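Beneath this line is the structure, given in structure tokens, with notes to follow.
All of these numbers come straight from a predicted model, not from anything done at the bench. Lettering follows sequence order; numbering is per chain, from 1.
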Number of protein chains: 2
Amino acid sequence: MALRYAILGLLLDRPSSGYDLAGRFADVIGAYAWDAKHSQIYPELRRLDQEGLVEVVDRGARRRTTYRCTGEGLTALRAWLMAAPTSTGGVKNEHALRLFLLGVLEPEEALEVLRQTEAGARGKVQDLEAEFAALQERTGSASGGPLGLTVQLGIHSFRATAQWARWASEQLGADADLDRSRADQCGSGSSAG
Amino acid sequence: MALRYAILGLLLDRPSSGYDLAGRFADVIGAYAWDAKHSQIYPELRRLDQEGLVEVVDRGARRRTTYRCTGEGLTALRAWLMAAPTSTGGVKNEHALRLFLLGVLEPEEALEVLRQTEAGARGKVQDLEAEFAALQERTGSASGGPLGLTVQLGIHSFRATAQWARWASEQLGADADLDRSRADQCGSGSSAG
DNA sequence: GATCACATGTAACTAGTTACATGATTAA
DNA sequence: TTAATCATGTAACTAGTTACATGTGATC
């Protein structure tokens with residue numbers, strides 16, 4: 001069910017074709033909220049159309065079909081957003097899982113993954129900060145409008161990841177140093193737990 | 001494929017039965033990395049056993065079967081962790097999606113959701129901080145050992161969410177105030193975009 | 001001896017991915 | 001005219017959820 005609300009939300013921001021939506025999923029929203037492929041998007045758009053939650057506003061070249069969210073669609077989306085999130089549909093985040101399991105790697109391996117993680121996260125933060133500045137200018141609002149909230153959520157999340165990666169690297173480095181000095185003293189190897 | 005590595009990681013921390021694993025998924029790891037139900041866990045454990053990545057170490061009362069990760073299992077997990085994460089298996093996070101779409105709600109509604117979000121996140125931070133302190137004491141290490149990394153990732157993530165929710169509330173409040181003062185001046189209602 | 005938590009299993013369904021397939025338009 | 005990109009579609013598969021089903025051991 002989440003897919004349809006993700007689609008409605010994207011269409012509410014701006015009318016789009018299935019192809020557009022696939023791109024937008026792969027882009028921003030797919031990175032930390034919800035992802036979907038075109039093979040799932042097209043049938044769902046047809047279903048939403050049948051149910052009156054979206055409507056076709058344009059048929060362009062190459063069979064391009066542009067959809068818009070209807071009033072009924074907005075109502076449905078709002079109802080879903082306000083509904084008590086009782087069923088916390090289980091999270092599936094492969095990237096987070098990798099970080100979660102870092103402890104099983106040797107310190108040097110883990111440090112390499114952490115370096116990549118931190119660099120990637122800082123890159124994302126920069127991208128999103130530029131996007132936020134553009135939004136502030138475009139909307140003439142310090143908050144960047146509705147989309148600004150979203151972008152800031154991304155900034156906060158990636159910054160937290162980067163800061164954690166930095167902290168974790170320092171801990172691993174310190175532990176490795178400790179291991180080395182122990183090894184120097186005792187003449188015995190070391191290992192992770 | 002992610003499920004099996006999540007299982008191997010959990011078993012590496014400590015041997016467990018399928019029932020135990022289901023609980024641990026529902027608990028920590030399921031909250032921000034990967035979730036799984038028992039109906040998926042049991043068959044996967046049998047497959048992993050056939051492939052030699054886990055082994056049965058105990059059969060207790062009530063058919064309870066305890067598994068342990070084998071050396072082969074550890075090798076497989078490490079290989080997966082070190083593999084370039086080319087295929088960024090799409091994120092599925094319903095909670096993040098809701099936050100992502102907050103902009104479509106009326107300010108008062110959004111504020112209510114943000115309040116709940118902030119309170120929930122701060123609660124999680126407190127829980128995890130207590131867990132981290134316990135880990136520090138148990139491991140005698142400032143980093144809390146391998147599990148400490150994981151717990152800190154959770155702390156950083158939830159703190160970021162709480163901070164964002166606070167910021168977003170202030171923005172919405174300010175926008176609402178602005179709307180009200182405009183309405184006072186112009187005698188006309190307001191609406192979100 | 002009833003009830004509850006423990007512990008596992010399976011069948012039917014829904015969601016999501018991969019791979020294959022087709023045709024239209026644009027740019028070289 | 002060839003290749004690349006746009007744009008949609010479907011079939012076969014894998015992953016994951018929900019619901020049903022069964023029996024065990026502890027506690028009251």
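Between K92(B) and dT17(C), a side-chain N or O to OP1/OP2 separation shorter than 4.0 Å is present. A close approach under 4.0 Å does not occur between any side-chain nitrogen or oxygen of Q40(A) and OP1 or OP2 of dA15(C). Phosphate proximity of dC6(D) to Y19(A): present, with a side-chain N or O under 4.0 Å from OP1 or OP2.
Counting only heavy atoms from C-beta outward, the side chains of L12(B) and L8(B) never approach each other to under 4.5 Å. Counting only heavy atoms from C-beta outward, the side chains of Y32(A) and N93(B) never approach each other to under 4.5 Å. Side-chain contact between Y67(B) and V57(B) is absent, with no heavy-atom pair separated by less than 4.5 Å. Residues L149(B) and L153(B) have side chains not in contact (no heavy-atom distance under 4.5 Å, counting atoms from C-beta outward).
Taking the side chain to side chain contact (heavy atoms under 4.5 Å, CB included) definition, one finds that Q40(A) meets it with L3(A), A36(A), sequence neighbours left out. The side chain to side chain contact (heavy atoms under 4.5 Å, CB included) check on R47(B) picks up R4(B), P43(B), E44(B), E51(B), with sequence neighbours excluded. Listed by chain and residue number, T66(A) satisfy the side chain to side chain contact (heavy atoms under 4.5 Å, CB included) test with D58(A) (two or more places apart in sequence, or in another chain). Scanning for salt bridge (Lys or Arg N to Asp or Glu O under 4.0 Å) contacts around R115(A) gives E112(A), with sequence neighbours left out. Judged as a side chain to side chain contact (heavy atoms under 4.5 Å, CB included), and not counting sequence neighbours, the contacts of S16(B) are L11(B), R14(B), D20(B), L21(B), R24(B). Contacts of E55(A) classified as salt bridge (Lys or Arg N to Asp or Glu O under 4.0 Å), with partners at least two apart in sequence or in another chain: R68(A).
Following rounding to the nearest Å, E94(B) (CD) and dA15(C) (P) show an atom-to-atom distance of 12 Å. Distance CG (D58(A)) to P (dC6(D)): 18 Å, rounded to an integer number of Å. Across the protein-nucleic acid pair, R64(A) atom CZ and dT5(D) atom P stand 17 Å apart, rounded to whole Å. In this structure, the CE atom of M1(B) is 17 Å from the P atom of dC13(D), given to the nearest Å. As rounded to whole Å, 14 Å separates atom P of dA15(D) from atom NZ of K37(A). Atom pair F25(B):CZ and dG16(D):P shows a separation of 10 Å (rounding to whole Å applied).
For dT8(C), its base never sits under 3.5 Å from the side chain of T65(B) at any donor and acceptor pair.
Remark on DNA chain C: of its neighbouring residues W34(A) and T66(B), the 5'-side contact belongs to T66(B), judged by nearest-heavy-atom nucleotide.
With side-chain heavy atoms closer than 4.5 Å counting as contact, directly or through intermediates, the hydrophobic cluster containing Y19(B) also holds Y42(B).
Within residues 44-55 of chain B, no residue has any heavy atom under 4.0 Å from DNA chain D. For DNA chain D, none of the residues of residues 7-17 of chain B falls under the heavy-atom distance limit of 4.0 Å.
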Contact pattern, 5' to 3', of nucleotides 20-28 of chain D - B, S or - by protein heavy atom under 4.0 Å:
----BBS--

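Under the 3.5 Å distance criterion, the side-chain polar atoms of K124(A) are left unmatched by any main-chain donor or acceptor of I155(A).
Sorted by first then second residue, the salt bridge (charged side-chain N to carboxylate O under 4.0 Å, His left out) pairs that include residues 147-168 of chain A, not counting sequence neighbours, are E118(A)-R166(A), E129(A)-R159(A).
Distances were taken from every side-chain heavy atom of Y42(A) (C-beta onward) to each of dG9(D), dT17(D), dT17(C); the shortest belongs to dG9(D). Comparing dT8(D), dA7(C), dG16(D) by their closest approach to the side chain of D20(B) singles out dA7(C).
In this structure, the helix from dG1(C)-dC28(D) to dA28(C)-dT1(D) shows an angle of 20° between the axis at its start and the axis at its end, each fitted on 5 base pairs and rounded to 10°.
A pairwise comparison of heavy atoms in S143(A) and F132(A) identifies O-CE1, 3.5 Å as the closest pair.
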